[in-house]
Amino acid sequence: MAVKNLPREELVRPGSGGCPGCPSSLALRVTLKALGKNTVFAIPACCAVVCLGAYPKTAFDVPVVSIAFEASAAAASGLAAGLKRLGKQDTNVVVWAGDGGTYDIGLQALSGAVERETDFIYICYNNEMYSNTGIQRSGATPYGAWTTTTWTGKTEQKKDMPAILRAHGLPYMATAVPGYPEDLFRKVRKAMSIRGSKYIEILAPCPPGWRFPMDKTVEMSKLAVDTGAWALYEYENGQLNFNLKSKSILEKKTEPKPIEEYLKLQGRFAHLFKPDRNEQVLDEIQQRSLADWERFRKQVECGVA
Amino acid sequence: MIMIDTGDRIAAKAAQMARPEFIAAYPITPQTVIVEKTADYVESGELDAEYIRVESEHSAMTAVIGAAVTGVRTFTATSSHGLALMHEMLHWAAYSRLPIVMVNVNRALGPGWNIWADQSDSLAQRDTGWVQFYCASCQEIFDTIIQAYRLAEMEDVQVPVMVNFDAFVLSHTSMPVEVPDQSDIDAFLPPYRALWKIDPDDPITCFNMLPQSEFGALRKDLHDAHGRVKELIPGIASEWKERFGSYHGGLVEEYLCEDAEYIIVAMGALGAEARVAVEELRREGMKAGLARVRLFRPFPNEVFRRLARNRTFIVVDRNVSIGSGGGVYSELKSGLYGFANAPVHGFIAGLGGKDLTFGEMCEMVRKVADGRAADVEWWGLEE
Ligand SMILES: Cc1ncc(C[n+]2csc(CCOP(=O)(O)OP(=O)(O)O)c2C)c(N)n1
Ligand code: SF4
Ligand SMILES: [Mg+2]
């Protein structure tokens, strides 16, 4: 569906507390267009709680249960069961959580909910750090990135959260970016059509956290795809399917742009470029990305996800 | 019908008859039987409810909160480490004003691992906003669970309730219990009508950021609800007595207190043991009485201020707040301060399930009467 044909109804009201250029708010707006009004959200501690606004106001036009940081998937379990009792199985139960609430502190509850085949959509907007508390590292922070707990750059790789989810044998998972709203819209709609636990992870380039101008959110998310730093794909019936530019990168029809083009626009990687270029780390990041793509190709070839 | 069974199984029976529509629970000794039996009730169709076998107690309480906001009646049970793991969500449940009912089987916290009776687990949760009952018999467990729903769901209460009883001493000890007909329970406890709920047709945001300007008022509202709880419990207990015959006291069970010079104050199964001690002391000619604390939160200060005239209190605490002392002892003392001069002696005893007999309690009272007792003593430690 073309962007101009997305539903007109706005379920995020004006006056949200997000920063200008907030990737999460942008993605949320598209996501809610796909979900529609018959939706209940569970939101753990994260930026989205700030976007909601403070009592007695709210920026959301769907019911929201704000819940403790590590607890959103468990709250969704209870919500789904309660709505079932009320005969409202058709209501979308959706978690909207950050990467900290997903990769780290909320992993146990998420794993439990997916293993129990809870009928819900878990959406992680991944800004690759704890932005709410002031840009600390998370399990999703990429290697080399500056945060306020990794002043000289993170020394470990991020974990492959989507693979962890797939290992649970869930029926559907997908990745998305705010820069391709029609792709995100389609994936949310797809998730809604499937029973069981669905996981969608949205890369969320965050201007204040990543240190880039706030009018560049959309471009940054597209550049992540073009450089292969982020892969757009879906997982269904045990199959991985790549989408848009990621598909042509996978099929080697397009060369990914050098990852440097993506890194150098972000202040969180500035120490890799000045005062001197850190060739070793830059090369490691590039090689790691290419290796990820080789792994994706093998997975698609062999039909193992 | 008379049912002869253990505290855990009686608790499960009460939960079943209260007709919750949602249960989420995680097993921990000595509460496991409740988790197993309620699952069995649901699978056999004897209870029409959703049951989620969660992966932790933190998730158990969270899932219960999630279900409760959809407006259904909920139940869970835990103990000790499980209760401690729930801590954050206990606050969440109470501040959300959700009328959840939970059983907690009082057990010690490690290390070292100890599965026996000790009330330090729930005492550590006294500031979470939950109403806390403590039971002294299986009959009281049954009656209190049903009454807890009635109380929690009242329009001017809307507070979660924790029903506590001792590990093994009650959880695994069989006693005869009068179980009323389901229709009579239903008449006492009508179906739950939530005052508010999550509904896509009328979207509300629950529990978002709360500014300083509003925060204190909402906490006071919960505090005031606790005040009303103290006024409402006696009425609920007498209505139960009229309908079903059994009665365990209102906020405090008072036994031979009228002319008593020495009043033993205890909570849970120790309260039942103290009753025997009181009878023994009376035989010896000592004017002893018992004030068994049924309700720890809110604390029944008014009852003790009334009882305090010319009495000496001997508090037996099967719990300890390290660095302070026995939980009931300190509550009682601070509640009396400025209202009565009654001496209060505290004994920290029976921790980690160590046996404490009525004979030992008699000895505590004699020690106090003879002026040999310190303000606070640790009782029965191996030398
Ligand atoms: C148990 C607990 N620990 C820590 C916090 C503090 N805290 C709130 S949000 C947050 C980070 C959230 O990170 P993420 O999930 O990535 O969301 P983001 O802020 O990036 O949107 C932390 C550490 C908390 N609320 N609860
Ligand atoms: S810090 Fe980033 S994710 Fe958070 S509200 Fe601001 S732009 Fe959005
Ligand atoms: Mg984050």
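In what follows, every chain begins at residue 1, and chains take the letters A, B, ... in the order their sequences are listed. We use all heavy atoms of the structure for the numbers below, so side chains are in, but hydrogens, waters and symmetry mates are not.
- A donor-acceptor pair is defined here as one N or O able to donate and one able to accept, closer than 3.5 Å; such a pair exists between the side chain of N208(B) and the backbone of G53(A).
- Of the listed residues (I43(A), L52(A), D61(A)), just one forms a side-chain contact (heavy atoms from CB on, under 4.5 Å) with T205(B), and that residue is L52(A).
- For the residue pair R53(B) and R116(A), the shortest heavy atom distance occurs at O-CD, 3.5 Å.
- Listed here is the closest heavy atom pair of D48(B) and R85(A): OD1-NH1, 2.9 Å.
- Counting heavy atoms of neighbouring residues, nucleotides and ligands inside a 6.0 Å radius, atom CD of E117(A) does not exceed 12 of them.
- When all heavy atoms of S66(A) and W92(B) are compared, the closest pair comes out as O-CZ2, 3.1 Å.
- A salt bridge does not link D201(B) to K37(A): none of the charged side-chain nitrogens sits closer than 4.0 Å to a carboxylate oxygen.
- Considering every non-hydrogen atom in both L86(A) and T70(B), the closest pair reads CD1-O, 3.2 Å.
- Heavy atoms closer than 4.5 Å to chain A are found in the side chain of V69(B), but not in its backbone.
- Considering all non-hydrogen atoms of both residues, P203(B) and P63(A) come closest at CB-N, 3.6 Å.
- Remark: K159(A) NZ is packed, more than 12 non-hydrogen atoms of other residues, nucleotides or ligands lying under 6.0 Å away.
- Listed here is the closest heavy atom pair of P200(B) and K88(A): CD-NZ, 4.3 Å.
- For M89(B), the part sitting under 4.5 Å from any heavy atom of chain A is the side chain, from C-beta outward, and nothing else.
- Atom CZ of R126(B) is surrounded by more than 12 heavy atoms from other residues, nucleotides or ligands within 6.0 Å.
- Side-chain atoms of Q108(A) and S56(B) include a donor-acceptor pair closer than 3.5 Å.
- Between chain B and the options T118(A), T91(A), V50(A), V93(A), the largest number of non-hydrogen pairs under 4.5 Å is found for V50(A).
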Is there a side chain to side chain contact (heavy atoms under 4.5 Å, CB included) between E50(B) and K84(A) once you walk through the steps? CA-CA 9 Å; E50(B) 291 293 314; K84(A) 187 172 167 203; 3.4 Å; yes

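- For the atom pair SG (C206(B)) and CZ (F41(A)), the distance works out to 14.0 Å, reported to the nearest 0.5 Å.
- Heavy atoms of V40(A) lying under 4.5 Å from chain B belong exclusively to its side chain.
- Put simply, the side chain of E55(B) does not reach to within 4.5 Å of the side chain of E115(A), judged on heavy atoms.
- If you measure heavy-atom distances from D202(B) to chain A, you find no contacts under 4.5 Å at all.
- Of the residues considered (I52(B), V64(B), V72(B)), I52(B) shows the highest number of contacts with chain A, using heavy-atom pairs under 4.5 Å.
- Of the residues considered (H91(B), K197(B), E21(B)), E21(B) shows the highest number of contacts with chain A, using heavy-atom pairs under 4.5 Å.
- Interface remark: I65(B) contributes side-chain atoms only to the contact with chain A (heavy atom separation under 4.5 Å).
- Of the residues considered (G17(A), A73(A), A71(A)), A71(A) shows the highest number of contacts with chain B, using heavy-atom pairs under 4.5 Å.
- If you measure heavy-atom distances from E88(B) to chain A, the contacts under 4.5 Å come from the side chain alone.
- For the atom pair OH (Y55(A)) and CE (M209(B)), the distance works out to 14.0 Å, reported to the nearest 0.5 Å.
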